[in-house]
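Letters go in sequence order (proteins before strands), and every chain restarts at 1.
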Number of protein chains: 2
Amino acid sequence: MGEFEQIVLLALLRLGNDAYGMEIRQEIERRTGRETSYGAVYTTLDRLDRKGYVTFRMGDATAERGGRARKYFRVEAAGRRALTETRERLAVMWEGVSPR
Amino acid sequence: MGEFEQIVLLALLRLGNDAYGMEIRQEIERRTGRETSYGAVYTTLDRLDRKGYVTFRMGDATAERGGRARKYFRVEAAGRRALTETRERLAVMWEGVSPR
DNA sequence: TGATTTTTTATACATCGTATGATAAATAAC
DNA sequence: GTTATTTATCATACGATGTATAAAAAATCA
């Protein structure tokens, strides 16, 4: 799993594991301070979905004010697992290393 | 910087910051338990070199026993910096998240 | 010289990062 | 009720990164 995929997954978890694309993008900006396009986020969400790392449900169309229906995503067990594994693989390599 | 690039860089640091391709590959296998091809490692070393994250010197040809000259790599300051930054970006996203 | 060993290089293709522009669907204005 | 505006996602495209296989280079051994 790539780094940006991890970041998207973590943003979703951080948002209570039930959020939609635009929110996720905002959360990423808020935490990393780095601007990101919507396209980047949606493409990645789509790939995560195809891997079975996330699923989604369509939101009610009639929300507050005009606009297309939202897709609410959630991280699945496989996604949590992959996230943890990726993290640990790197942690093992970092062990005892201090790049000064 | 991608995950495998990080892993290669960390393996190099771990080996005392003066190692050649085949050693690096072995160190990666030893630590992560995951098999990797030589091609993967060399391609990545080449990319890291072009980014200025590593440099190399050619080793003496006349070593122990036959074979082509080794290229001894070392991580440069830019590489250390990039490594740390990448790590911190992810750490910020992980903060307070426990994917159970 | 030719086989063998050690190491790197070339190449190729799949996956991931990331932006731009198009499209969809709802409400608001007139 | 057609058009503008708003909210949100989709389509597409292309460079960067992951990763393997096969070839080549350069040294020693027989």
Between atom [atom1] in [X] and atom [atom2] in [N], what is the gap in whole Å?
{"X": "A/Leu9", "N": "C/dC16", "atom1": "CG", "atom2": "P", "answer": "13 Å"}
{"X": "A/Gln26", "N": "D/dA8", "atom1": "CD", "atom2": "P", "answer": "10 Å"}
{"X": "A/Glu5", "N": "C/dT18", "atom1": "CD", "atom2": "P", "answer": "11 Å"}
{"X": "B/Tyr53", "N": "D/dA16", "atom1": "OH", "atom2": "C1'", "answer": "12 Å"}
{"X": "B/Lys71", "N": "D/dA27", "atom1": "NZ", "atom2": "C1'", "answer": "18 Å"}
{"X": "B/Asp46", "N": "C/dA10", "atom1": "CG", "atom2": "P", "answer": "8 Å"}
{"X": "A/Glu35", "N": "C/dT18", "atom1": "CD", "atom2": "P", "answer": "13 Å"}
{"X": "A/Leu45", "N": "C/dT15", "atom1": "CG", "atom2": "P", "answer": "19 Å"}

Residue-phosphate contact under 4.0 Å: A/Lys51 side-chain N/O, C/dT15 OP1/OP2
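It does not, given that no N or O in the side chain of A/Lys51 lies less than 4.0 Å from OP1 or OP2 of C/dT15.
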Please tell me if A/Tyr38 has a side-chain N or O lying less than 4.0 Å from either OP1 or OP2 of C/dA19.
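So the side chain of A/Tyr38 is outside the cut-off, no N or O lying under 4.0 Å from OP1 or OP2 of C/dA19.
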Tell me if a side-chain donor or acceptor on [X] pairs with a main-chain N or O of [Y] at a distance below 3.5 Å.
{"X": "B/Arg14", "Y": "A/Val97", "answer": "no"}
{"X": "A/Arg25", "Y": "A/Thr36", "answer": "yes"}
{"X": "B/Glu95", "Y": "B/Val92", "answer": "no"}

Consider the side chain of [X], meaning its heavy atoms from C-beta on, and name the nucleotide among [options] that approaches it most closely.
{"X": "B/Arg47", "options": "D/dT17, D/dA8, D/dA26", "answer": "D/dT17"}
{"X": "B/Thr36", "options": "D/dA20, C/dT6, C/dT18", "answer": "D/dA20"}
{"X": "B/Ala40", "options": "C/dT6, D/dT19, D/dA8", "answer": "D/dT19"}
{"X": "A/Ser37", "options": "D/dA24, D/dG18, C/dT20", "answer": "C/dT20"}
{"X": "B/Thr44", "options": "C/dC16, D/dA8, D/dT19", "answer": "D/dT19"}

Determine whether a donor-acceptor pair (one donor, one acceptor, N or O, separation below 3.5 Å) exists between the side chain of B/Arg70 and the base of C/dT6.
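Absent.
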What about the rings of A/Tyr72 and A/Phe56, do their centers lie closer together than 6.0 Å?
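Judged by ring-centre distance (under 6.0 Å), A/Tyr72 and A/Phe56 do not meet the cut-off.
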Remember a base hit wins even if backbone is also touched, and classify B/Gly39 as base, sugar-phosphate or nothing at under 4.0 Å, heavy atoms.
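Answer is base: heavy atoms of B/Gly39 come under 4.0 Å of a base.
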Would you classify A/Arg34 as touching base, sugar-phosphate or nothing, given that sugar-phosphate means primed atoms plus P, OP1 and OP2, and contacts are heavy atoms under 4.0 Å?
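Counting heavy atoms under 4.0 Å across all strands, the contact made by A/Arg34 is with sugar-phosphate only.
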Residue whose closest nucleotide on DNA chain C lies nearer the 5' end, A/Gly2 versus B/Met58:
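The residue whose closest nucleotide sits nearer the 5' end is B/Met58.
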Hey, which sits more toward the 5' end of DNA chain C by its nearest nucleotide, B/Tyr72 or B/Thr43?
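Mapping each residue to its closest nucleotide by heavy atoms, the 5'-most match is B/Tyr72.
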Taking only Lys NZ, Arg NE, NH1 and NH2, and the carboxylate oxygens of Asp or Glu, determine whether A/Lys51 and A/Glu5 approach each other closer than 4.0 Å.
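Yes, A/Lys51 and A/Glu5 are salt-bridged.
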